[in-house]
Amino acid sequence: MKFTKMHGIGNDYVYVNCLEEAVDRPEETAKFVSDRHFGVGSDGLILIRPSQKADFEMAMYNADGSRGEMCGNGIRCVAKYVYDYGLTDKTRIQVETLAGIKELDLTVENGKVSLVKVNMGAPELSPEKIPVLAQAEQAVNLPLEVDGIMYQMTCVSMGNPHCVIFMKEDVRELDLEKIGPSFENHPRFPRRVNTEFVNVIDRHTLRMRVWERGSGETLACGTGACAVAVAGILNDKTEHEAAVHLLGGNLHIAWEGGDSPVYMTGPATAVFDGEVILPEDIK
Ligand SMILES: N[C@H](CCC[C@H](N)C(=O)O)C(=O)O
């Protein structure tokens, strides 16, 4: 199977052009290619497909084979792929996802996409649509007990579920391998959850780490950065634009509040083209 390895500030996926390649068993293929010893090595698999409703469709699968409704770093790389590999010459494109159709503006330098601005749509804050079990209109600054420790959470959906935890201690010191799975699989999240651990640097700057649903700790999470910026505004910790510092790099997030869309701007990088030999039982 031909693929292109790309990343959005270190959140790396195997991308397959399904206008050319057939991927019949995406969940198993995602698990196989994601393995960093027996496969290619990635946070998951992203399929670029034709769409009836938009220019293209993005289908995203985590390293455990589960499907994500949306992927912020991934959709920027999809935009880069379709432009750089000649599938479109448009610099404003629409991509269909399980979280709806997203509109992207491409910055092109020397014939290649260098930066992408994504209209991520409005955040969803009602608990039943995130989903999170919470007796409140919005799950903003609510208690959550994890492994006997009390945290304050703010939950946001960007099409996929996020649990944002603001912390006093430096998130770079956190043992995410230890606590991440307990958040991901917490019973109050019926569809599991992506969890972001955040330090507020100032009213325009946030630092985060993320334990992703289905992939564990990643170097960056685009939908997570959006959820963090929204949570910062809802908790009056940040202004309507923020730089979010992630292990793999930085994203710029802007949100005017209410039902207005969240805008995410960041880079997309292609690393190599390859061909992987799929095991017979997942072809
Ligand atoms: N693990 C996420 C999907 C990938 C999101 C992240 N990689 C991003 O850039 O938004 C989920 O299951 O909802």
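Computed from a prediction, not measured in an experiment: that's the story for all the values here. Atoms within each ligand, like the ligands themselves, are counted from 1 in listed order. Side-chain atoms are counted along with the backbone in the values below, which use heavy atoms only and exclude waters and symmetry mates.
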Practice task
Just need the protein heavy atom nearest to atom 4 (C) of ligand 1, so name the residue and atom and give the distance.
Solution key: E212 OE1, 3.3 Å
Problem - E280/K283 salt bridge by N-O under 4.0 Å criterion - result: yes
Exercise for the section: Decide if the gap between the ring center of F183 and the ring center of F197 is smaller than 6.0 angstrom. Expected result: yes
Practice task
Mind telling me whether Y85 and Y81 have parallel, tilted or perpendicular rings, with 30° and 60° as the class edges?
Solution key: parallel
Practice task
Say whether T218 and ligand 1 are in contact under the criterion: heavy-atom distance to a ligand atom below 4.0 Å.
Solution key: no
Practice task
Check which hydrophobic residues are tied to V271 through side-chain heavy-atom contacts below 4.5 Å, counting indirect links as well, and list them.
Solution key: M1, F3, V14, V16, V23, F32, V33, V40, L45, L47, Y61, F272, V276, L278, I282
Completion exercise
CG (L174) and CH2 (W211) are apart, to the nearest 0.5 Å, by 12.0 Å
Exercise for the section: Indicate whether any N or O donor in one side chain lies under 3.5 Å from an N or O acceptor in the other, for N160 and E69. Expected result: no
Problem - Close approach, M70 and ligand 1, non-hydrogen under 4.0 angstrom - result: yes
Practice task
Could you tell me which atoms of ligand 1, counted from 1 in the order shown, lie closer than 4.0 angstrom to a heavy atom of N194?
Solution key: 1 (N), 2 (C), 11 (C), 12 (O), 13 (O)
Practice task
Run the contact test for C71 against ligand 1 with a 4.0 Å cut-off on heavy atoms, strictly below, and give the result.
Solution key: yes
Handout entry: Test: D12 and K5 ion pair at under 4.0 Å
Key = yes
Completion exercise
Any heavy atom of Y13 under 4.0 Å from ligand 1? The part involved is side chain
Problem - Contact check, C221 vs ligand 1, heavy-atom distance below 4.0 Å - result: yes
Practice task
Measure N73 to ligand 1 on non-hydrogen atoms and call it side chain, backbone, both or neither using the 4.0 Å cut-off.
Solution key: both
Exercise for the section: Would you mind telling me if ligand 1 is within reach of the side chain of T223, the backbone, both or neither, using heavy atoms under 4.0 Å? Expected result: both
Handout entry: From CG (L251) to CE (M264), nearest 0.5 Å
Key = 6.5 Å
Practice task
Could you check atom 3 (C) of ligand 1 against the protein and tell me its nearest heavy-atom contact, residue, atom and distance included?
Solution key: N62 OD1, 3.5 Å
Fill in the blank from the handout: Residue, atom and distance of the protein heavy atom nearest atom 9 (O) of ligand 1 read G222 N, 2.8 Å
Problem - Close approach, M158 and ligand 1, non-hydrogen under 4.0 angstrom - result: no
